Novice: 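The structure that follows is given in the form of structure tokens.
The model shown is predicted, which means the values in this text are computed figures rather than measured ones. Below, chains carry the letters A, B, ... as their sequence lines are ordered, and counting in each starts from 1.
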Amino acid sequence: MLYREAGQFKTSYGDDQAIFPIRQDRIGVAIILLAAYLAIPLTASPYLFTSILIPFLIYALAAIGLNLLTGYCGQVSLGTGGFMAVGAYAAYNFAIRMPELNLLVVFLLAGGCAALVGVVFGIPSLRIKGFYLAVATLAAQFFMDWMFSRIKWFTNYTPSGSVNAPPLSLFGFAIDTPAERYYLILAIVTVMALAAKNLVRGRVGRSWMAIRDMDIAAEIIGIRPLRAKLSAFAVSSFYAGIAGALWAFLHLGSWEPLAFDINRSFTLLFMVIIGGLGSILGCFFGAAFILIVPLALNQIPTALGIPISTAMISHLEFMIFGALIVFFLIVEPHGLARLWALGKEKLRLWPFPH
Amino acid sequence: MTATGGRRIGDVLLKVEDISLSFGGVRALSGVSFDIRKHEIRAIIGPNGAGKSSMLNVINGFYHPQKGKIIFKDIARTDIGPYDAASRGIARTFQNIALFRGMSTLDNIMTGRLLKMKRNLFWQALYWGPARREEMEHRAAAERIIDFLEIQSIRKVPVGRLPYGLQKRVELGRALAAEPELLLLDEPMAGMNVEEKEDMCRFILDVNDEFGTTIALIEHDMGVVMDISDRVVVLDYGKKIADGTPDEVRGNQAVIDAYLGVQH
Amino acid sequence: MGFFIEVLFGGFLAGVLYALVALGFVLIFKASGVFNFAQGAMVLFAALSLVRLMEWMPIPIALLVSVGIMIVFALVVERLVLRPLVNQEGIILFMATIGVSYFVDGFGQTIWGSEIYTLDLGLPKEPVIILESVFEGGVLVNKFDLVAAVIAGILVTVLAVFFQKTRIGRALRAVADDHQAAQSVGIPLRDIWVIVWSTSGIVALVAGIVWGSALGVQFSISLVALKALPVLILGGFTSVPGAIIGGLIIGAGEKLAEVFIGPSFGGGIENWFAYMLALLFLLVRPQGLFGERIIERV
Ligand SMILES: Nc1ncnc2c1ncn2[C@@H]1O[C@H](COP(=O)(O)OP(=O)(O)OP(=O)(O)O)[C@@H](O)[C@H]1O
Ligand SMILES: [Mg+2]
């Protein structure tokens, strides 16, 4: 199949503003969706679901949240893990205190709580910028870490401090098997990724990007920094909150605050940088990449017969991610998503170089 | 009918009265008053550091003068915010290009229309029905500006990659997209070659002519100023030293001294 | 009252440690505008290098070699990270230093190992009672803490002399004020970067020695260094006295809060108290205690 846009005429601005204006891309996306909804569930093993597909989708969702804030609105956050924790514990409390609530409503409320907390911690962004703000978001991270381990009400006074997700069901159907959980997550991520894409290609997204690129000019053309930044914090934390709830309920099942510590925040930031700042698609690339590298590090040496300790693997991981971050920031700040786009561009012109 | 086009100069649109502004010890403006009439092209000139850009910053609410009044469309204020100014119809371009470098030409121009777009987050996330209609309406408006400025071919190019002259043009487009009543241009032709300057002059005159937009313009090229402006105000060391038609100003001794750098 | 003073003292001395790390941040920020998130990782790396080298060679030589390692580190960072990213926005550089921080953490533990190592340079550790004449029972402090404070004092004095009296020091101050002016001092910007990163590396080594002696050299040093960030916010990113005073305020505030308010919150509040204090402070004075106010212009 040739990758060409010749012969495809856009007859309205609507066509031109579509997410995938080129037909081959639309076909590609359709194939991916078909695979995700039909082919994979039929063939995947439980291991694939629980160790790769489910974390991949949830990571991607959280990364989208962070990317909206950092990649689109230009506000670096080191507190995503904290906002995920808010989502997880809010969902837990809604679920155990109001068992009759529909699971989707629980997730929405969890996202809403995270959004509120996000707005509170976003307020300093009106006075401070750049790395000052990054440091301020660390405050959110450390505060949440503390709150969920020390204030016992949030963990329903469980003695160990670790909590379990209640049995899950949706509209009367129990959600137990890996495949069922996968479907639920996939549906949520599909909808939310689409919504994120819609946000960034319209008014809200432009006001975020304007703030990111030049906040003074943005203010002068009539964008209110207060609204733009706080809405970015709210939406971003909403995504992180839902991702946190999914992570806790559908991936971990039982968890403690450590599951959402500062390393989670850094990992997410790395996904966004490696995948591509300011790209929704990139979040998926970044999430996949960050999941695959440790797996590869675990498998390849053993496959080659090189003995390597787990401690060593984790150090190697640190080095590889650190080096990649620097590499991408220097060579391609728009990350894998940009490399992908460049690749497509080449393909479109192939075999003629111009 | 005036010499510069088929438009009528009307009543006073904006009046600044006795504006004083200082930064710490630096006096950027002291007691400056002048007015701008509807539909006119008003030039602000003066040597470097005279306070011209500061004046524009005061008018659109970015700097807050310590003293004085700004009367825009008959409402007097001492202190306005940039948002107020923008929403009441004041748009501008900047001396050092202030485009959103990570965005395309089209998106930059669309940001000029943000104030006119109303759909909330929820509709935006759906991108459907009213939100989509709104987007299309404004897209059409942005396209009209793109056609007007003859920048169709760079519609999708990130502005960071455009040459300087084109960036200035996109910046004008972004300001025009807001359909302002008063357009403030800070050295729109600085750093351009002759041909680009001619284009820019033509656009400024056309905007003024076709849309009836009132324009206040800072420019160092005296030829251009004398050609296109209706009235000129001259600043030097933060003070107004002359105000009048290009011909009057040209002959004014204080202005000649200021430009020749005669010591005060 | 004696107890209050004791807590306060303990806090001040923790503050000295924060100040030592913050100092490294400030040096780099002042001269290159880079917010070096990797400062904590550098402290760990320097301490690890020293403690492992000491197994092989006499202490003074190990110290010298460690200094050498930090200078090589500065050269590598300049060449591989700073130079390619010159003229990038501050925030991009900031994220790059997060990458550096990860890399250094991984690299340091790969070559030096990741256990807990006891660092013993022969610094005294026994507790002493001071101010006996002022309070009944006196105030119990650790001799080691006093030594740490003295070391920090010496370091700050040395740095002050370096900045005020030497040609290179003056050049560094010139860059901090104005990059253009720096060119005219006749020292290439690159060299200046290498020099400040080396200086920061040495400051990191000192901080590593003090912390390592107190807690053992281990990975958590790299994280505890994050505590120095609120110090920067409080003191201002560009001010050496700010780093010192900010460190003391944060150290003391944190310990007092933990001891006197903490119990009613379930304890452990020292993990975030400093951050919250700094945040609230930011809302009132965004440039910090000693930072310069920035007026934006267009
Ligand atoms: N934000 C600011 N902070 C401090 N001083 C300022 C600021 N903005 C302007 N000034 C000072 O006010 C004076 C007037 O500056 P302004 O930019 O208005 O001059 P100008 O007439 O536009 O000059 P030019 O022709 O060079 O653009 C100058 O001395 C300038 O240094
Ligand atoms: Mg100016």
Novice: With a 4.5 angstrom heavy-atom cut-off, could you sort out which part of A218(A) is near chain B: side chain, backbone, both or neither?
Specialist: both
Novice: Based on non-hydrogen pairs under 4.5 Å, which of G278(A), A210(A), G202(A) is most in contact with chain B?
Specialist: A210(A)
Novice: Which bit of N60(B) comes within less than 4.5 Å of chain A, counting heavy atoms only: side chain, backbone, both or neither?
Specialist: side chain
Novice: Non-hydrogen contacts under 4.5 angstrom with chain B: give the residues of residues 188-198 of chain A involved, or none if there are none.
Specialist: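 Hits under 4.5 Å: A195(A), N198(A).
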Novice: Need one label for L106(B): side chain, backbone, both or neither, based on atoms under 4.5 Å from any heavy atom in chain A.
Specialist: side chain
Novice: Find out whether F238(A) and L121(B) are in side-chain contact, i.e. whether some heavy atom of one side chain is under 4.5 Å from a heavy atom of the other.
Specialist: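 No, their side chains stay 4.5 Å or more apart.
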Novice: Could you look at S87(B) and say if it's the side chain, the backbone, both or neither that has a heavy atom under 4.5 Å from chain A?
Specialist: neither
Novice: With a 4.5 angstrom heavy-atom cut-off, could you sort out which part of A177(B) is near chain A: side chain, backbone, both or neither?
Specialist: neither
Novice: For residues M103(B) and R212(A), determine if any side-chain heavy atom of one lies less than 4.5 Å from a side-chain heavy atom of the other.
Specialist: yes
Novice: Under 4.5 Å between any side-chain heavy atoms of F94(B) and I216(A), yes or no?
Specialist: no
Novice: For R113(B), which atoms come within 4.5 Å of any heavy atom of chain A: side chain, backbone, both, or neither?
Specialist: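 Neither part, no heavy atoms under 4.5 Å.
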Novice: What residue among R201(A), R203(A), R206(A) forms salt bridge (Lys or Arg N to Asp or Glu O under 4.0 Å) with E135(B)?
Specialist: R206(A)
